[in-house]
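What follows is a set of notes on a single structure, which appears directly below.
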Amino acid sequence: MVVEQKATIIESAVPYEKKWMEKWKQARIFEADPDPSKPKFMICVPYSYQNGPLHIGHGFTFTRGDVYARFKRMQGYNVLFPWAWHWTGEAVAGTSERLKQGDQFIRKVLIEIDGVPPEIVEKFTDPAYISKYYTEENRKVVEAIGFSVDFRREFYTTDLHPYYSYFIKWQYNTLRKKKYVALGKHPVVWCPKCQSPTGDHDRLIGEGVSPQEYTIVLFSIDGAYLAAATLRPETIFGVTNIWLNPNHEYVLIEVDGKKLIVSRKAALKLSEQKKNVKILDAVNPDTLIGKYAKTPLIDIEVPILPAEFVDPDFGTGVVYSVPGHAPYDYAGLLTLKTSSKWDKYNIKEIVEKIKPISIIKVEGYGEYPAVEIVEKMKILDDKDPRLEEATREIYSKEFHSGVMKDNCREFSGKTVSIARDEVKHKLIEMKLGDVLWELPEKVVCRCGTECLVKIVENQWFLTYSDPEWKSKVKEHILNMKIIPEEARQWFLNVVDWLKDWACTRKTGLGTRLPWDPEWIVETLSDSTIYPALYTISKHLNQGLVKPEQLTDEFFDYVFLGKGEPAKLSNKLKIDLRLLKEMREEFLYWYPVDMRISAKELVPNHLTFYIFHHVAIFDEKHWPRGIAVNGMITIEGEKMSKSRGKFIPLKTAIARYGADATRCTLLLAAEDMDDPDWREKNVQEVKQMIEQFLKIVEEVARAELVEHTYMDRWLMSKLQKRIKSITMNLESLKTRKACHEALYGMYNDWKWYLRRTEGVISKKAKTFIENWVKLLAPFIPFTCEEAWSILGKEGFVSIESWPIVLGELISPEAELQEEVIIKLIEDVRRIINLIPGKKEKLTIYISSREKIDLIEEIYKIVEEEGQKNMGRIIKTIISKLPGKEKIASTLAKIYVDLISSLTPNYKLKTIINVAEREEEIYREAREFISKELGLGVEIYREGEQDIYDPLNKSEITVPLRPGIYIE
RNA sequence: GCGGGGGUAGCCAAGUCUGGUCAAAGGCGCAGGGCUUAGGACCCUGUCCCGUAGGGGUUCGUGGGUUCAAAUCCCACCCCCCGCACCA
């Protein structure tokens with residue numbers, strides 16, 4: 001199959017990005033082979049479904065993966081970051097089908113949103129072509145965005161691929177042997193016209209509606225049964241009558257050897273859910289109304305009455321009435337009492353005798369909650385729309401806090417939620433109950449047909465509900481690295497709640513089930529352990545092994561170590577060395593160290609991924625880590641092709657370049673927060689990246705001086721940045737890490753230049769080199785460019801990650817700068833407060849005696865917290881005779897100083913810097929003067945000839961000088 | 001309903017685990033200044049309220065509580081977003 005090349009040109013807005021992409025490719029620096037001398041790190045992201053272009057949502061998750069891969073690679077790990085394409089599923093077939101039918105909307109989306117050239121859209125009537133097309137295009141996007149992928153290992157899924165389906169066959173045979181696959185049946189939303197399940201996106205109406213389980217309760221009458229459907233079987237003890245809608249026709253049907261009376265529509269529904277449903281006869285409800293039927297379990301006779309609120313299209317069209325606890329039923333009785341419409345039935349007398357029966361005790365209500373709420377809301381008949389609301393209220397209250405009263409046989413004293421289940425089972429056991437699946441809301445298929453619920457028979461299930469399997473999975477989840485931590489509980493909950501999963505389909509692309517080939521393994525079920533395939537796909541892609549040679553025995557050996565390689569080599573005619581090499585390679589790379597995905601996959605794919613690994617592999621090969629992240633919004637809105645809120649990655653790259661796209665995404669969110677893509681942000685980031693490159697160019701050109709006064713500070717800051725960026729990356733806090741690497745470093749650099757007045761030292765160049773490295777995982781193209789501008793050989797992508805050099809950390813240099821910044825800040829505040837022109841700043845440094853007080857007061861604060869001001873004041877008075885009057889003010893300033901500095905600085909640092917305080921201001925005098933536009937004079941408290949008109953020198957404390965402005 | 005996440009200044013968004021350095025990072029917007037032929041970019045300053053000296057007052061969904069001290073801990077409530085299955 002040939003896919004047109006012109007459709008797949010991806011051009012970045014930034015010229016050098018293409019250059020580096022090609023150089024990487026040429027140098028093959030991202031191809032990873034086993035290397036026993038290095039620790040390995042295998043990272044992957046879930047492959048994406050090839051039914052459209054990769055978009056910025058993919059971009060977000062995948063960029064996080066790439067950043068982590070690049071980071072680990074620079075840290076010296078042998079990193080494997082593989083890639084593949086998901087073709088399995090029914091959506092692509094749906095697109096083809098719609099296109100064939102001439103659906104203009106889908107055509108428009110393909111051309112206008114996805115950017116498919118109009119002349120080839122016609123070929124999209126072949127589902128395989130679609131996936132092929134997007135795979136070709138998206139591969140180019142993955143390269144263009146700079147993901148550091150080993151493309152030798154690439155594959156796509158389904159039996160269209162030479163070997164993928166052999167792998168899936170092995171997987172399913174293995175699961176079946178272990179009894180994790182079983183036959184069963186399950187309800188689906190079904191279109192009778194299309195004769196297929198109607199998934200959410202195949203619907204015109206009823207998105208998100210899923211089948212709900214009703215209990216059928218059989219009331220016997222004349223050798224047949226009235227089949228009432230209910231969500232609340234426990235209310236059977238409060239039944240007073242049965243409702244039929246007299247305006248509609250009912251039918252007598254035979255199911256499982258029993259004769260049932262239901263509405264005509266219900267008969268149709270039942271026939272999709274039960275075998276051998278036969279319609280025997282029409283039944284006119286008039287012939288039943290006024291008669292009595294026998295209630296199961298309690299054997300009492302209840303009358304059959306007319307009610308128009310009964311919807312014959314819903315459930316069975318037969319409703320049993322519980323006026324004590326169901327507002328509709330009580331309202332139905334009210335209607336019968338007040339209206340003369342049904343006089344023909346002569347039921348007035350019967351109706352008069354009916355009294356609600358109280359069977360559930362619920363907080364906040366008396367005997368008859370339904371009666372109460374109907375009266376409270378002043379509802380007068382069964383046509384009142386507020387009955388919906390009343391029903392919801394009572395239903396919910398009783399379900400959550402209701403307890404069955406004494407008149408409920410063996411169910412008395414049980415909570416409603418438990419009794420409901422038990423009554424249902426009892427009824428079914430007695431063959432006086434059954435299950436009916438119903439759609440709580442109307443669902444209409446895209447073809448325009450109203451859907452119903454069908455029970456699909458002989459469906460294959462993955463038995464996720466198996467308690468042993470579950471508990472193994474849960475135990476492993478407790479031991480995994482899960483990022484962020486909150487996701488762990490979510491996983492555990494999902495495992496608890498997961499039921500058996502229908503793992504086969506009849507339509508769409510995929511792999512046939514080996515033992516039952518009319519079924520195709522469903523999309524979420526054929527993509528669980530494929531990362532294992534990456535470890536050997538490199539060899540398979542070379543064509544040295546034919547697909548037919550990939551038998552179950554082959555995979556048993558390579559992945560599970562079963563069997564004798566020599567024998568197997570003989571049998572399969574696979575070179576023994578190659579066979580062993582594949583086994584070795586699997587053992588080298590596996591398990592997956594980190595899998596990164598959006599959080600929407602937690603309740604399905606990611607959990608399945610753990611389940612299947614646990615089921616199939618040795619424990620040492622189970623996944624080590626999972627990181628999940630939020631889902632993209634665009635300008636605050638959910639992504640949506642139909643509303644135009646959709647940005648393909650190729651578009652972002654073409655508009656802003658790969659690095660700006662990556663960086664904008666990374667800066668948008670981390671953990672489970674949803675990132676928001678904003679045009680304004682990406683513009684801003686693009687400029688910032690340009691600014692960064694400009695700085696690198698300037699430094700590369702600059703005449704470097706040997707040393708500046710700010711070098712120590714700059715190096716110290718650098719160490720802190722390295723530490724923080726590394727720590728954040730380690731736990732995939734990509735937002736924080738990227739922010740600090742870009743803006744944090746930038747701020748340090750700006751301050752450095754501001755202080756040195758643009759003079760750049762050799763150390764400063766070191767800072768810039770480190771900056772390039774620290775940014776390399778985030779904006780790799782720009783960093784390669786920067787690296788070469790700095791005159792460096794090779795790729796920064798495979799340089800070593802900076803490590804913290806403890807000896808370069810200088811708290812004194814940092815504190816010194818802080819003191820200067822604080823001084824300037826204080827002066828500015830005062831300048832803004834006092835009127836008039838300011839020309840001169842006088843700084844007063846505290847007397848030397850005050851330095852000793854720092855330690856003494858520090859000790860008091862340590863011992864007693866900040867409470868004991870008295871003791872601090874006394875200490876000050878004893879050390880500074882004659883300062884009694886201002887001792888309390890000084891005490892406060894001291895305490896402020898100490899409590900603000902001690903979290904970051906050791907006492908010794910503070911004292912050392914205080915000793916040098918005068919020197920610090922004298923050194924920075926010119927800078928301070930320039931910053932503030934004031935002349936600067938410096939005095940020490942107590943100095944002779946001191947100029948101090950406001951007596952500011954007196955209330956000074958070390959590192960908190962007095963200020964006088966005039 | 002169940003499960004998960006969240007409500008912070010004009011807006012976006014950190015901080016919450018590990019209470020005090022938080023009137024609260026960063027960005028945007030806005031205002032003033034510098035640079036520039038001009039604009040853009042860039043740089044500096046300001047941006048809750050009050051204050052002619054580095055101070056004070058009131059804030060972090062709402063209401064309580066714990067504490068010398070709460071955006072941060074505890075309880076209750078209100079509101080928003082996401083998932084709930086055969087769909088990738």
Side-chain angles (χ1 to χ4, degrees), chain A residues 46 48-51 86 88-92 186-189 197 199-202 208 210-211 392 395-396 399-400 417 456 459 461 464 484-487 489-494 496-505 508 522-525 527 599-605 628 630-631 633 636 638 667-674 676 678 680-681 684-685 687-688 690-691 694 735-736 739-740 743-744 747 750 753-754 822-823 825-836 864-867 893 896-905 931 950 952 955 960-965:
Chain A
S48 61
Y49 185 48
Q50 294 306 297
N51 68 333
H86 204 195
T88 310
E90 296 169 287
V92 165
H186 76 125
V188 294
V189 178
D200 238 9
H201 24 262
D202 294 328
S210 53
R392 258 199 308 277
Y395 183 106
S396 156
F399 180 74
H400 292 104
S417 55
V456 177
Q459 167 66 274
F461 284 88
Y464 292 136
E485 190 50 44
E486 303 94 89
Q489 190 54 48
W490 190 5
F491 273 112
L492 292 170
N493 292 340
V494 168
D496 268 334
W497 143 120
L498 203 62
K499 295 185 208 136
D500 289 352
W501 181 267
C503 64
T504 52
R505 280 303 98 78
E522 166 272 343
T523 171
L524 280 169
S525 303
S527 55
K599 62 185 174 186
E600 58 178 342
L601 298 187
V602 170
N604 44 65
H605 166 72
V628 297
M631 282 144 63
T633 56
K638 238 170 104 171
L667 291 171
E670 64 195 2
D671 291 342
M672 288 208 270
D673 294 338
D674 296 329
D676 187 22
R678 280 171 195 269
K680 239 181 355 190
N681 292 356
E684 204 271 324
V685 167
Q687 280 163 15
M688 185 62 211
E690 283 160 10
Q691 179 73 8
K694 213 157 63 201
R735 198 199 84 90
K736 232 180 241 160
H739 192 272
E740 192 149 357
Y743 294 106
N747 285 337
K750 273 200 300 188
L753 288 186
R754 197 163 152 189
K822 172 79 169 122
L823 171 69
E825 256 174 34
D826 283 350
V827 173
R828 283 209 172 102
R829 285 180 75 165
I830 298 164
I831 287 175
N832 288 336
L833 278 174
I834 56 176
E864 313 190 32
Q866 295 176 17
K867 281 181 282 187
I893 302 172
D896 280 353
L897 180 85
I898 288 167
S899 57
S900 75
L901 293 182
T902 44
N904 293 324
Y905 298 103
E931 282 287 311
L950 278 187
K952 284 286 179 181
I955 47 165
R960 206 232 170 242
I963 295 166
Y964 176 62
I965 296 162

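Residue numbers start from 1 in every chain, and the chains themselves are labelled A, B, ... in the order their sequence lines are given, proteins ahead of strands. As the structure is a computational prediction, the values presented were derived from the model and not from experiment. The figures here come from the full heavy-atom set of this structure, side chains too, leaving out hydrogens, waters and symmetry mates.
Rounded to a whole angstrom, the distance from the C1' atom of B/U47 to that of B/G27 is 14 Å. For B/G19 and B/G26, the P atoms lie 24 Å apart once the distance is rounded to whole Å. Between B/A14 and B/A24, the two C1' atoms lie 10 Å apart (nearest whole Å). Taking atom P on both B/C75 and B/A85, the two are 31 Å apart, rounded to the nearest angstrom. To the nearest whole angstrom, the two P atoms, one in B/C28 and one in B/G46, are 16 Å apart. Straight-line distance between the P atoms of B/G7 and B/A71: roughly 15 Å, to the nearest whole Å. Separation of the C1' atoms belonging to B/U58 and B/G3 is 39 Å when rounded to the nearest angstrom. Across the C1' atoms, B/A88 and B/C84 are found 16 Å apart, a figure rounded to whole Å.
Here B/C60 sits opposite no nucleotide as a Watson-Crick or G-U wobble pair (both hydrogen-bonding atom distances under 3.5 Å). Here B/G1 sits opposite B/C84 as a Watson-Crick or G-U wobble pair (both hydrogen-bonding atom distances under 3.5 Å). The partner of B/C30 is B/G46, by the rule that a Watson-Crick or G-U pair needs both atom distances under 3.5 Å. Across all strands shown, nothing is found opposite B/U67 as a Watson-Crick or G-U wobble partner with both distances under 3.5 Å.
Looking only at side-chain heavy atoms (C-beta outward), A/T88 and A/S527 stay at 4.5 Å or farther from each other. Side-chain contact between A/P211 and A/V188: absent, with no pair of heavy atoms (C-beta onward) separated by less than 4.5 Å. Side-chain contact between A/L667 and A/N681: absent, with no pair of heavy atoms (C-beta onward) separated by less than 4.5 Å. At a threshold of 4.5 Å between non-hydrogen side-chain atoms, the residues A/C503 and A/L524 do not count as touching. In this structure, the side chains of A/D674 and A/K599 come closer than 4.5 Å at one or more pairs of heavy atoms. In this structure the side chain of A/Q50 never reaches within 4.5 angstrom of the side chain of A/V92, judged on heavy atoms.
Distance from the side chain of A/E684 is smallest for B/C28 among the nucleotides B/C28, B/A41, B/G46. In this structure, of B/C87, B/C42, B/A88, it is B/A88 that holds the atom nearest to the side chain of A/T523. For A/L524, taking side-chain heavy atoms from C-beta onward, the closest of the listed nucleotides B/A41, B/C87, B/G3 is B/C87. Distance from the side chain of A/L498 is smallest to B/A85 among B/A85, B/A25, B/G3. Proximity note for A/E90 (side chain, C-beta onward) versus B/A14, B/G51, B/A88: the nearest is B/A88. When distances are taken from the side chain of A/S900 to each of B/A85, B/G54, B/U21, the shortest belongs to B/U21. When distances run from any side-chain atom of A/R829 to the nucleotides B/G55, B/C42, B/A53, the shortest one goes to B/G55. Nearest to the side-chain atoms of A/K680 among the listed nucleotides B/C28, B/G4, B/G54 stands B/C28. Closest contact between the side chain of A/K952 and the listed nucleotides B/G5, B/A53, B/A88 involves B/A53.
In this structure, A/D674 and A/C503 both approach RNA chain B, and ranking their closest nucleotides by distance from the 5' end singles out A/D674.
Side-chain nitrogen and oxygen atoms of A/Q489 include none within less than 4.0 Å of the OP1 or OP2 phosphate oxygen of B/G4. Between A/K736 and B/A25 there is no side-chain N or O to OP1 or OP2 distance below 4.0 Å. Neither OP1 nor OP2 of B/C84 sits under 4.0 Å from any side-chain N or O of A/K499. Taking only side-chain nitrogens and oxygens, A/R828 comes nearer than 4.0 Å to OP1 or OP2 of B/U45. One finds a side-chain N or O of A/N493 lying less than 4.0 angstrom from the OP1 or OP2 phosphate oxygen of B/G4. Remark: A/R754 is in phosphate contact with B/U45, judged by side-chain N or O atoms under 4.0 Å from OP1 or OP2.
What separates CZ of A/F461 from C1' of B/A85 is a distance of 11 Å, to the nearest Å. Atom-to-atom, NE2 of A/H739 to P of B/C28 comes out at 10 Å; the value is rounded to the nearest Å. Computed from coordinates, the A/D496 CG to B/G4 P distance equals 11 Å when rounded to whole Å. A/E740 has its CD atom 12 Å from the C1' atom of B/A14, to the nearest Å. In this structure, the CG atom of A/D671 is 15 Å from the P atom of B/C17, given to the nearest Å. We find that CG of A/D673 is positioned 13 Å from C1' of B/U16, with the value rounded to whole Å. Here the C1' atom of nucleotide B/C44 and the NZ atom of A/K750 are 10 Å apart, to the nearest Å. At whole-Å resolution of the value, CD in A/E486 and P in B/G6 are 6 Å apart.
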Please evaluate residues A/V494 and A/N604 with respect to the criterion side chain to side chain contact (heavy atoms under 4.5 Å, CB included), reporting the C-alpha separation (whole Å), side-chain torsions for both, the decisive distance (0.1 Å), and the verdict.
CA-CA 8 Å; A/V494 168; A/N604 44 65; over 6 Å; no
Could you give me the CA-CA distance, side-chain angles and deciding distance for A/K952 and A/I963, then say whether side chain to side chain contact (heavy atoms under 4.5 Å, CB included) is met?
CA-CA 7 Å; A/K952 284 286 179 181; A/I963 295 166; over 6 Å; no
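In this structure, A/E690 reaches neither bases nor backbone, as no heavy-atom distance under 4.0 Å exists between it and the strands shown. Here A/G744 lies out of heavy-atom contact (under 4.0 Å) with every strand. As judged by a 4.0 angstrom heavy-atom cut-off over every strand, A/P211 is placed among residues making no nucleic acid contact. In this structure, A/Y743 reaches neither bases nor backbone, as no heavy-atom distance under 4.0 Å exists between it and the strands shown. Using a 4.0 Å heavy-atom cutoff across all strands shown, A/F399 reaches no nucleic acid atom at all. Contacts of A/S525 with the nucleic acid, taken as non-hydrogen atoms under 4.0 Å apart, are absent. Among the atoms of the strands shown, base atoms are found under 4.0 Å from some heavy atom of A/H186. Contacts of A/L667 with the nucleic acid, taken as non-hydrogen atoms under 4.0 Å apart, are absent.
Put simply, the side chain of A/N604 and the base of B/A88 share a donor and an acceptor less than 3.5 Å apart.
Taking the six-membered ring where tryptophan is involved, the planes of A/H739 and A/Y743 are tilted, since the angle between them lies from 30° to 60°.
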